[in-house]
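Report on one structure; see the data block that follows.
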Number of protein chains: 2
Amino acid sequence: MEKYRRSKLRNRILEILRETGSHPHADWVYDKLKKEYPRLSLGSVYRNLSILTEQGMIRKIDFGSSFDRFDANTTDHYHFICENCGSIIDLKLPIDKTLEDRVNQRTNFKTKNHKIQFYGICENCINP
Amino acid sequence: MEKYRRSKLRNRILEILRETGSHPHADWVYDKLKKEYPRLSLGSVYRNLSILTEQGMIRKIDFGSSFDRFDANTTDHYHFICENCGSIIDLKLPIDKTLEDRVNQRTNFKTKNHKIQFYGICENCINP
DNA sequence: GTTCATGCAAATCGTTTGCACAATG
DNA sequence: CATTGTGCAAACGATTTGCATGAAC
């Protein structure tokens, strides 16, 4: 009971994504494959990216929600995102700047800042 | 040389955002204020949220880029985001599960996972 | 041959923008 | 009065979807 058939295009999209170290947009994939598949449509790229994501072959980089959220707490803080109810909660945890040191020691990047999101189940959803 | 005048609506939006601990969408703010301002338009909400963000009174919670990005590396890893060229780079840094312990100790949440994004300047942009 | 994948174009949806009028200073 | 804020509706841009045709099995 396979849900999806084999598709050359889908395999190729996965290949392309694996070859590049970057984290491209659908558009970039489309441009990259347009020469190879002159009749390629952007819709098919989106469809296949979504199937590959569902299959766990690739990941979408985002916060889960597709639209903008705003936060009146402008001091630096980490976020907890409840996987059940979707709410985002500010954490009182102190900011750990040593994490940035770890990056600076192991790479040639200059890190200035970082954000953390924790995922799990919030208090309200554990004890309703 | 003030850039913006005082606006009752904008003050009210800021108030609403400060009152709630959550991190609402524009839509939620709109619904919340619709009774108070029956002629309110969603456009004005967006405009004011954007002004408040520019003024540093509130923050937008996002990755900076407005469209979806995909990652063929499905093993857990942290990301480095270059503030100059915008590229997102996978880090080889080990995942630090003790961070989740810190959350679990101080809250009643059950944390299962976390993501980190580091922001700064990448190697290529430091030495072009 | 039946079912899923594709190209194409139209639809969708969150967000932005142009305009005429109201509010601010 | 000069300029910014607002409501309204239209525009925008990334993504999704419906439909007819082509590929997979």
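In what follows, every chain begins at residue 1, and chains take the letters A, B, ... in the order their sequences are listed. Values below: all heavy atoms of this structure, side chains included; hydrogens, waters and symmetry mates excluded. Owing to the predicted nature of the structure, the values given are computational and were not obtained by experimental measurement.
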Describe the nucleic acid contact of Ser7(A) in one word from base, sugar-phosphate, nothing, applying a heavy-atom distance below 4.0 Å.
sugar-phosphate
Tyr4(B) and Glu54(B): side chain donor to acceptor below 3.5 Å:
yes
Between the side chains of Asp76(B) and Arg59(A), is the shortest nitrogen-to-carboxylate-oxygen separation below 4.0 Å, so that they form an ion pair?
yes
Taking atom P of dT6(D) as reference, at what distance in whole Å does atom CZ of Arg5(B) sit?
11 Å
Polar side chain donor-acceptor pair, Asn73(B) to His23(A), under 3.5 angstrom:
no
With a non-hydrogen cut-off below 4.0 angstrom, is Arg10(B) in contact with a base, only sugar-phosphate, or nothing?
sugar-phosphate
Find the distance Arg47(B):CZ to dA11(D):C1' and express it as a whole number of Å.
14 Å
Residue-phosphate contact under 4.0 Å: Ser41(A) side-chain N/O, dG7(C) OP1/OP2
yes
If I take atom NZ in residue Lys3(B) and atom P in nucleotide dA2(D), what distance separates them, rounded to the nearest angstrom?
22 Å
I want to check one thing: is the phosphate of dT6(D), taken as OP1 and OP2, less than 4.0 Å away from some side-chain N or O of Arg39(B)?
no
Just checking Asp27(A): base, sugar-phosphate only, or nothing, at a heavy-atom cut-off of under 4.0 Å?
nothing
Taken to the nearest whole Å, CG/Leu42(A) to C1'/dT17(D) is 13 Å
Is the NZ atom of Lys92(B) crowded by more than 12 outside heavy atoms at less than 6.0 Å?
no
Report the nucleotide, chosen from dA23(C), dA5(C), dC8(D), that has the shortest atom-to-atom distance to any side-chain atom of Tyr4(A).
dA5(C)
What is the distance, rounded to the nearest whole Å, between atom CG of Leu33(B) and atom P of dG7(D)?
10 Å
